[in-house]
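Contents: one structure, followed by commentary.
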Amino acid sequence: MSAQATPAPLQAKAFADAVTAWQKREGRQHLPWQYTGDAYKVWLSEIMLQQTQVSTVLNYYARFLDAFPTVADLAAAPSEAVMTLWAGLGYYSRARNLHACAKAVVAQFGGQFPRDVEALASLPGIGRSTAGAVASLAHGVQAPILDGNVKRVFCRYYGIEGDPMSTPVVKRLWEIAQHNVPAVEPGRYNQALMDLGATRCTPRNARCGQCPLMSTCVALRQGRVEQLPSPKLKKPRPELHFVAIWLVDARGCVWLQQQTERGLWKDLWMPPCIPVPVNSDSGSWYELVRALVQSTGLQVNADALRTALNSAAAQPWLVHELTHRKMHFKTVLLRHDGVLDLCKAADALPLPKVVHKLTEAAVAQQNTLDVGQGLALK
DNA sequence: AAGGCGGGGTA
DNA sequence: TACCCAGCCTT
């Protein structure tokens, strides 16, 4: 072998030893769910961390654990309490599955999370990767994980081309993950891979000089670190426009509806929102808004409605961006001199972030409005 | 196999 | 602005 021979990727045991030793020196050691041996804490953190960064999760995790110290507490809680604590974290099916999973753990496993990966993966909201994380991190079971961080580390270290979300690449990555996970300290090893992806093998500006795998990394040797994983093909996001009806009563309560259709923000509470063409004028909104408000039994003053619509139209669009669409809102502010039914405290309802934005827009539109008192339900 | 699903951190 | 994050479920 010549002096210039390029070193091959490490064998499984050497690979695991290298990253595990690195984790003990330089990995993350003080996250609140780490090294507790508590499957409930590991599971709760893993669900929250799906598609969500650590810094965002920390506060939600602490509040959840305070409200529901055990899986039995969570299982016994009302759905609305779970959703309200989750509100703002996004991907709300995670919260519904979280609650269903807690109930299943109590009903099927006596309140103890199973050690077996297959059993874990059969539970709501737990897929193959999360099952591997809970089994290895909480129970020391030899099980692999494959999240976004691990995919990036493997794609670079082994020089794997292709969309990392595509079926053939995912299949190969799982084979590597399965092959490399060690029998000894599998949890520490999995933690090492996640820490590497989060702190060294980052999407951009990777810190290869501080990586324990730098001497055998294919992407680094070939100068392709910034090119791998291969970029996903991006699709254009639909842009949707809505008129939000902000109907406030004499007490400052606001009319909200629970989203019952499957889809975006299901189970959460929002003011009624009417889809409108982007360049529509306020005159074309009139009949839609009038019919919607009258459907509640309230009478609508035509002049007041015209004024409110014109005021709304004069506002800039409020933009709310999601991964898969871009939404624009204008807020029509309407007053009701009486009292709307079923008033509840705002902090007892799950509201998506966009409702907080709409609240600010309504306050800005008429700064005498007090929206902090409660919410009217219809 | 493809699409839907939130919100925020980061460069 | 664009990318992407401790993915899973439904169709």
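Lettering of chains follows the sequences in order, A, B, ..., and the numbering in each one begins at 1. Source: prediction; values computed, not measured.
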Touch class at under 4.0 angstrom, heavy-atom based, for A:Leu268 against every strand present: nothing
Comparing A:Arg152 and A:Leu123 on DNA chain C - which has the more 5′ nearest nucleotide: A:Arg152
No-hydrogen, no-angle side-chain donor-acceptor test under 3.5 Å, A:Trp285 and A:Ser280: yes
A:Tyr91 side-chain N/O to C:dC9 phosphate OP1/OP2 under 4.0 Å: no
Ring center gap for A:Trp86 and A:Tyr60 short of 6.0 angstrom: no
Side-chain N,O (A:Trp86) to OP1/OP2 (B:dG7) below 4.0 Å: no
Rounded distance in Å - CE (A:Met48) to P (B:dG7): 15 Å
OP1 or OP2 of C:dC8 under 4.0 Å from side-chain N/O of A:Thr130: yes
Whether A:Arg156 side chain and A:Val225 backbone form a donor-acceptor pair below 3.5 Å: yes
Distance test, side-chain N/O of A:Gln53 to OP1/OP2 of B:dG9, below 4.0 Å: no
Base C:dA6 to side chain A:Arg28, donor-acceptor N/O within 3.5 Å cut-off: yes
Candidate nucleotides B:dG3, B:dG6, C:dA6, ranked by approach to the side chain of A:Gln191 - the nearest: C:dA6
A:Asp195: which of A:Gln29, A:Arg200, A:Gln23 passes side chain to side chain donor-acceptor pair (under 3.5 Å): A:Gln23
Base B:dG6 paired with A:Thr323 side chain (donor-acceptor, <3.5 Å): yes
Side-chain N,O (A:Thr56) to OP1/OP2 (B:dG8) below 4.0 Å: no
Ring geometry between A:His320 and A:Trp265 (parallel below 30°, tilted from 30 to 60°, perpendicular above 60°): tilted
Residue-phosphate contact under 4.0 Å: A:Asn205 side-chain N/O, B:dA11 OP1/OP2: no
A:Leu322 CG to C:dC3 P, straight-line distance once rounded to whole Å: 17 Å
Nearest-angstrom distance from the residue atom CD1 of A:Ile126 to C1' of C:dA6: 13 Å
Comparing A:Arg262 and A:Leu146 on DNA chain C - which has the more 5′ nearest nucleotide: A:Leu146
Distance test, side-chain N/O of A:Arg204 to OP1/OP2 of C:dC4, below 4.0 Å: no
Distance-only donor-acceptor test (3.5 Å): side chain A:Thr52, base B:dG7: no
Rounded interatomic separation in angstrom, taking CG from A:Asp267 and C1' from B:dG4: 16 Å
Side-chain N or O of A:Lys353 closer than 4.0 Å to phosphate OP1/OP2 of B:dG8: yes
Plane angle bin for A:Phe15 and A:Phe154 - parallel if under 30°, tilted between 30 and 60°, otherwise perpendicular: tilted
Short side-chain N/O contact to C:dC9 OP1/OP2 from A:Arg96, under 4.0 Å: no
side-chain N/O A:His324 vs B:dC5 OP1/OP2, d < 4.0 Å: yes
